[in-house]
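We use all heavy atoms of the structure for the numbers below, so side chains are in, but hydrogens, waters and symmetry mates are not. Sequential numbering from 1 along the given sequence is applied to the chain's residues. Since this is a predicted model, take the numbers as computed values, not measurements.
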Amino acid sequence: MPKITVYYDGACPSCVRDRTQYEKIAGDGNKDICWFDITNKDDELLALGINPKKALTELHIQHEQKGILSEMDAYIELMARTTLLKPLAWLLALPIIKPLVSRIYHWQVTRRLQKQGRL
């Protein structure tokens with residue numbers, strides 16, 4: 001399986017918790033994933049072509065073959081790597097579901113970052 005780098009917000013307790021849960025579910029499937037904490041890494045993100053503000057509000061992954069994926073495409077790619085989450089990845093990719101879940105996700109992230117005073 002192609003390697004990916006997941007850019008996540010290490011200053012976000014729920015993001016860290018999600019990463020830990022994913023690692024447990026993925027088991028050996030996690031070996032091709034590099035986790036990169038974006039906290040205070042704006043210059044490195046910009047060098048990769050990732051807007052630091054977008055990195056806070058959307059999940060980004062760098063895929064060996066597909067380049068940078070963001071938002072729901074990044075989640076779908078990440079979930080599709082584990083047997084348990086593959087059905088959820090398929091569901092999220094549906095044309096009716098994907099934009100709806102995207103809106104809900106953005107609303108929740110924006111609310112969380114505003115409460116933390118980070119947006």
Side-chain angles (χ1 to χ4, degrees):
M1 189 164 286
K3 292 184 185 274
I4 64 169
T5 300
V6 179
Y7 299 92
Y8 75 102
D9 183 2
C12 164
S14 64
C15 300
V16 172
R17 201 169 32 255
D18 290 347
R19 173 192 169 176
T20 301
Q21 289 175 340
Y22 179 86
E23 289 175 319
K24 287 179 186 174
I25 291 169
D28 287 342
N30 193 47
K31 69 180 188 270
D32 293 325
I33 299 173
C34 173
W35 297 90
F36 183 91
D37 180 359
I38 64 168
T39 307
N40 299 319
K41 303 277 181 19
D42 290 2
D43 291 339
E44 292 163 65
L45 291 169
L46 287 168
L48 294 165
I50 299 173
N51 178 313
K53 184 179 177 191
K54 283 231 178 224
L56 269 181
T57 60
E58 299 175 358
L59 180 69
H60 285 72
I61 65 171
Q62 185 171 21
H63 190 284
E64 270 185 345
Q65 298 169 346
K66 299 178 185 177
I68 301 286
L69 301 174
S70 63
E71 200 195 35
M72 296 311 299
D73 293 330
Y75 277 104
I76 291 165
E77 178 68 32
L78 189 59
M79 290 178 183
R81 291 174 162 264
T82 66
T83 304
L84 189 61
L85 296 175
K86 272 185 187 181
L88 184 56
W90 177 83
L91 181 67
L92 288 175
L94 292 174
I96 294 173
I97 303 295
K98 188 175 176 181
L100 177 63
V101 172
S102 176
R103 281 188 215 143
I104 293 167
Y105 172 77
H106 277 283
W107 175 77
Q108 289 178 328
V109 170
T110 300
R111 198 176 88 192
R112 173 182 53 82
L113 290 171
Q114 286 174 339
K115 281 183 180 180
Q116 294 173 343
R118 298 173 58 207
L119 188 66

### Path from Val16 to Ile25 over hydrophobic side-chain contacts below 4.5 Å
yes

### Message
Apply side chain to side chain contact (heavy atoms under 4.5 Å, CB included) to residues Glu44 and Ile50 and explain how you reach the verdict.
### Response
CA-CA 9 Å; Glu44 292 163 65; Ile50 299 173; over 6 Å; no

### Task
Decide side chain to side chain contact (heavy atoms under 4.5 Å, CB included) for Tyr22 and Tyr8; before the verdict, give the C-alpha distance in whole Å, the side-chain angles of both, and the deciding distance to 0.1 Å.
CA-CA 12 Å; Tyr22 179 86; Tyr8 75 102; over 6 Å; no

### Message
Once rounded to the nearest 0.5 Å, what's the spacing between atom SG of Cys15 and atom CG of Leu59?
### Response
8.5 Å

### Query
Roughly how far apart are Lys54 NZ and Leu45 CG, rounded to 0.5 Å?
13.5 Å

### Query
Could you give the distance from CG (Asp37) to SG (Cys12), rounded to the nearest 0.5 Å?
10.5 Å

#### Entry: Shared hydrophobic cluster, Leu100 / Leu92 (ILVMFWY, side-chain heavy atoms < 4.5 Å)
no

### Query
Can you find a heavy atom in the side chain of Pro13 that is under 4.5 Å from one in the side chain of Gln116?
yes

### Message
Taking the side chain as everything from C-beta on, heavy atoms only, tell me whether Leu48 gets closer than 4.5 Å to His60.
### Response
no

## Note on the structure
Closest non-hydrogen contact found for Ala80 with Ala89 is N-CB, 3.7 Å

### Task
Starting at CG of Asp73, measure out to CD1 of Ile68 and round the result to the nearest 0.5 Å.
12.5 Å

### Task
In plain terms, say whether Asp9 and Arg118 are close enough for a salt bridge, that is, a side-chain N and a carboxylate O under 4.0 Å apart.
yes

### Task
Measure from the side-chain N and O atoms of Glu64 to the backbone N and O of Lys3, and report whether any donor-acceptor pair falls under 3.5 Å.
yes

#### Entry: Check: Lys86 and Trp90 side chains under 4.5 Å, non-hydrogen atoms
no

## Note on the structure
When rounded to the nearest 0.5 Å, the distance separating OG of Ser102 from CD of Glu71 is 3.0 Å

### Arg19 side chain near Val6 side chain, heavy-atom distance below 4.5 Å
no

### Task
Test side chain to side chain contact (heavy atoms under 4.5 Å, CB included) on Arg112 and Val109 and set out the steps.
CA-CA 5 Å; Arg112 173 182 53 82; Val109 170; 3.8 Å; yes

### Message
Are the side chains of Pro52 and Ile38 in contact, using a 4.5 Å heavy-atom criterion?
### Response
no

### Message
Under 4.5 Å between side-chain heavy atoms, counting indirect links through other Ile/Leu/Val/Met/Phe/Trp/Tyr residues: same cluster for Leu46 and Leu69 or not?
### Response
no

### Query
How long is the gap from CG on Leu78 to NE2 on His63, to the nearest 0.5 Å?
10.5 Å

### Task
Could you check if a side-chain atom of Phe36 sits within less than 4.5 angstrom of a side-chain atom of Lys41, using non-hydrogen atoms only?
yes

### Message
Could you check whether any side-chain heavy atom of His106 comes within less than 4.5 Å of a side-chain heavy atom of Glu58, counting everything from C-beta outward?
### Response
yes

### Message
Measuring only between side-chain heavy atoms, which start at C-beta, is Gln108 closer than 4.5 Å to Ile104?
### Response
yes

